[in-house]
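The next block holds one structure in the form of structure tokens; read it before the comments.
Quick caveat, the model's predicted, so the values are computed rather than measured.
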Amino acid sequence: MTNHAFKNGDSREQPSLLPPRIDDYVGPDNPVRAIDSFVNALDLAKLGFRHAERGVGAGQPPYDPSDLLKLYLYGYINRIRSSRRLEREAGRNLELIWLLRNLKPGYRTIANFRKENWAALKAANRSFVLLMRELDLIGGTLVAVDGALFHGNASKGSIFTKGKLAKQIAELDREIDAYGKSLDANDTEEARQQSGGPEDGSKGDVGEKMKELMVRRERAQADLKELETSDKGQVSKTDPDARLLSKGDQTIAGYNVQSVVDDKHMLIVASEVVNRSDAGHLHMMAKAVKDALDVEALQVLADEGYYNSEDLKACEDDGITAYVPIHEGNRKLEKQGRFARKDFSYDASIDVYRCPAGELLHPTKKPWTNASGRVEVRYLSSKMSCDACPMRARCLGPKERTRSVFRWEHEAVLERHRARMASEDTSQLMRRRSAIVEHPFGTLKCRAGYQHFLVRGFDKVRGEWSLMALCYNFTRVLNILGFERFVACMAAKMLLTFEHALIVVLRRIRPVLRALTTQFISWSEISRLGAATAC
Ligand code: SF4
């Protein structure tokens, strides 16, 4: 039985509201202690963090990079990403006050740390992958790759394609024409009026507007010329590396984040930020994993967007078994009810293709190089067979007399891949693909709220993505291992880092020690000789 209608808080006037020790602010198994132990175990100088090797010097000392890294890890794990918000939280959030030992860096210092240390952040992310491997959290045999679109720090309106620029120039031309006519009308009106009459100032306004339109037109023309003379498909005004990218029915102005996820614990083992579609990134990403994990063989799962014959060949050459649904182009022939390329089977024993009517297509003599640089051999049906064929209407176009099939010089790679994709085990693997790779993206975008980048340009964006990926892996590893085991692992790692640092210091001072020893020996020799002479 209480005599209060509601629960009462403590009085603000009481002398002590918070625990007397900063260390009592956070519980013994608070995740912030895990962040602290993780960063303390890192060799920041080896990772390339700015000021990590700084000795005592004149002037105001900078912030220790380990403190700023702890601040960022805490912030990104807790959905606090902007430098101004991080500055505010450092002054009022008890966990951050504990983590930073009451240091309160300004927002410029915080923002500069993320900008200047983009390469070191990438290295920290990579080193965490190696740590995950050491802790046996990575299977290293089956991975899935996928791309996710993230908004850049740029609007769609700030990115121009050739078509968009041509449209803008045409629009400006129309406006210039309209203002030109108003200027002419003004001149006529002025000539009609007597000199000395009151001026309405409209001519000046129109002239200014004309000038502004001409400047905008020149700028658009220069951008169009830049696009026409380079291989860039788009020009971006705010963030030079952001691009208009589409996936499904979504179009964004930003980047495509490529991630490779290991199937054992859904951890991100390799990632890269690009500004193109997924096509052409399969081998690059799979090879990055193979090198990082130092494994002999690797199976990689990807969706249809990654189907690329050159990539499949490069994967096979590097011992990577790729599983990618076969992309049959736009299936134009199939839509027309005609036989497609897959309806022609290759007989390697006699080097011919067999058509649906059972007739043979023989190779023409010379291989040739197609527009994309692939060397191919053309297989041609016989005119006589096609003339008499009852399936002719389903095979040939109205003006065609014979049917051709082109075979890439490495077509055997694609045939092996096709056979692999047709097996029963593969369909089971492909069902696992989305479960593996969509776990991190779902977590990052929905739970952590990472939908966009706060910085601009490839370098800084890659640094920020490394922070995001590191925070995802960090949180997941903490959940898998549990707080105590994680902190114990970090303590062991810190001991190793300390031993390494000690060895480096000893190696550095060894020549000095040697010189001192030699000096000491010669001094003892001299004094011994002196004593002998005196005797
Ligand atoms: S038209 Fe020629 S290539 Fe086509 S199915 Fe008939 S025989 Fe074969």
Side-chain angles (χ1 to χ4, degrees), residues 18-47 49 52 64-80 86 89-90 93-103 121 123-140 261-269 292-293 436 439-440 442-444 447-450 466-502:
L18 297 170
R21 287 192 324 148
I22 286 187
D23 202 40
D24 294 333
Y25 288 177
V26 297
D29 56 354
N30 189 315
V32 74
R33 290 184 186 271
I35 296 175
D36 190 55
S37 63
F38 165 62
V39 177
N40 288 343
L42 288 176
D43 185 345
L44 296 189
K46 201 171 155 197
L47 294 173
F49 279 91
D64 188 329
S66 68
D67 286 327
L68 293 169
L69 182 60
K70 286 174 192 175
L71 172 62
Y72 265 113
L73 282 180
Y74 181 88
Y76 271 67
I77 288 171
N78 291 285
R79 304 178 76 142
I80 310 163
L86 284 168
E89 290 301 315
N93 179 321
L94 292 180
E95 288 176 343
L96 267 181
I97 290 171
W98 178 90
L99 187 63
L100 301 185
R101 302 173 323 283
N102 210 21
L103 289 170
L121 289 170
N125 186 28
R126 271 198 303 272
S127 85
F128 196 71
V129 172
L130 297 182
L131 177 70
M132 295 187 309
R133 190 189 61 178
E134 280 169 32
L135 295 174
D136 198 25
L137 298 175
I138 294 175
V261 184
D262 184 78
D263 84 315
K264 188 171 180 182
H265 287 297
M266 320 300 179
L267 292 161
I268 300 173
V269 281
L293 302 182
I436 298 170
H439 185 279
T443 310
L444 286 166
R447 191 192 63 76
Y450 305 156
S466 299
L467 258 176
M468 293 178 187
L470 177 58
C471 288
Y472 167 82
N473 280 340
F474 177 87
T475 312
R476 194 140 178 80
V477 169
L478 191 58
N479 289 338
I480 296 164
L481 294 181
F483 178 83
E484 277 178 23
R485 209 176 138 207
F486 181 88
V487 172
C489 291
M490 290 307 116
K493 189 170 157 48
M494 194 160 95
L495 200 64
L496 272 178
T497 309
F498 178 71
E499 277 175 14
H500 174 77
L502 201 63

When rounded to the nearest 0.5 angstrom, what is the spacing between [atom1] in [X] and [atom2] in [Y]?
{"X": "Leu69", "Y": "Phe38", "atom1": "CG", "atom2": "CZ", "answer": "7.0 Å"}
{"X": "Met266", "Y": "Ile436", "atom1": "CE", "atom2": "CD1", "answer": "6.0 Å"}
{"X": "Ser127", "Y": "Leu470", "atom1": "OG", "atom2": "CG", "answer": "8.0 Å"}
{"X": "Leu94", "Y": "Ile22", "atom1": "CG", "atom2": "CD1", "answer": "9.5 Å"}
{"X": "Phe486", "Y": "Ile35", "atom1": "CZ", "atom2": "CD1", "answer": "9.0 Å"}
{"X": "Ile77", "Y": "Phe474", "atom1": "CD1", "atom2": "CZ", "answer": "5.0 Å"}

Taking C-beta and beyond as the side chain, do [X] and [Y] meet within less than 4.5 Å on heavy atoms?
{"X": "Tyr450", "Y": "Cys471", "value": "yes"}
{"X": "Val269", "Y": "Arg133", "value": "no"}
{"X": "Val129", "Y": "Ile138", "value": "yes"}
{"X": "Met494", "Y": "Asn40", "value": "yes"}
{"X": "Leu71", "Y": "Leu103", "value": "no"}
{"X": "Asn30", "Y": "Trp98", "value": "no"}
{"X": "Leu96", "Y": "Leu99", "value": "yes"}
{"X": "Ile268", "Y": "His439", "value": "no"}

> Side chains of Glu95 and Tyr25: donor-acceptor distance under 3.5 Å anywhere?
Replying inline: no

>> Quick one, Leu131 with Met490, criterion side-chain contact (heavy atoms from CB on, under 4.5 Å). Give me CA distance, side-chain angles, the key distance, then yes/no.
In response: CA-CA 10 Å; Leu131 177 70; Met490 290 307 116; 3.4 Å; yes

> Just wondering, are more than 12 heavy atoms of other shown residues or ligands nearer than 6.0 Å to NZ in Lys264?
Replying inline: yes

Heavy-atom pair of closest approach, residues [X] and [Y]:
{"X": "Asp262", "Y": "Gly140", "value": "OD1-N, 2.9 Å"}
{"X": "Ala34", "Y": "Phe483", "value": "N-CE1, 3.8 Å"}
{"X": "Pro65", "Y": "Phe49", "value": "CB-CB, 4.1 Å"}
{"X": "Pro440", "Y": "Val261", "value": "CG-CG2, 3.4 Å"}
{"X": "Leu130", "Y": "Ala292", "value": "CD2-O, 3.5 Å"}
{"X": "Ile97", "Y": "Ala90", "value": "CG1-O, 3.6 Å"}

> Can we call the ring centroids of Tyr472 and Phe128 under 6.0 Å apart?
Replying inline: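 No, they do not, as the ring centres are separated by 6.0 Å or more.
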
>> Please check this pair: side chain of Arg476 against backbone of His265, looking for a donor-acceptor N/O pair closer than 3.5 Å.
In response: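 Indeed, once roles are kept as given, a pair shorter than 3.5 Å links the two residues.
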
> Does Leu121 offer a backbone N or O that forms a donor-acceptor pair with the side chain of Asn125 under 3.5 Å?
Replying inline: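 No, Asn125 side chain to Leu121 backbone: no donor-acceptor pair under 3.5 Å.
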
>> Filter on salt bridge (Lys or Arg N to Asp or Glu O under 4.0 Å), then keep only pairs touching residues 28-41, sequence neighbours left out; what's left?
In response: Asp23-Arg33, Asp36-Lys70

>> Apply side-chain contact (heavy atoms from CB on, under 4.5 Å) to residues Asn93 and Asn78 and explain how you reach the verdict.
In response: CA-CA 12 Å; Asn93 179 321; Asn78 291 285; over 6 Å; no

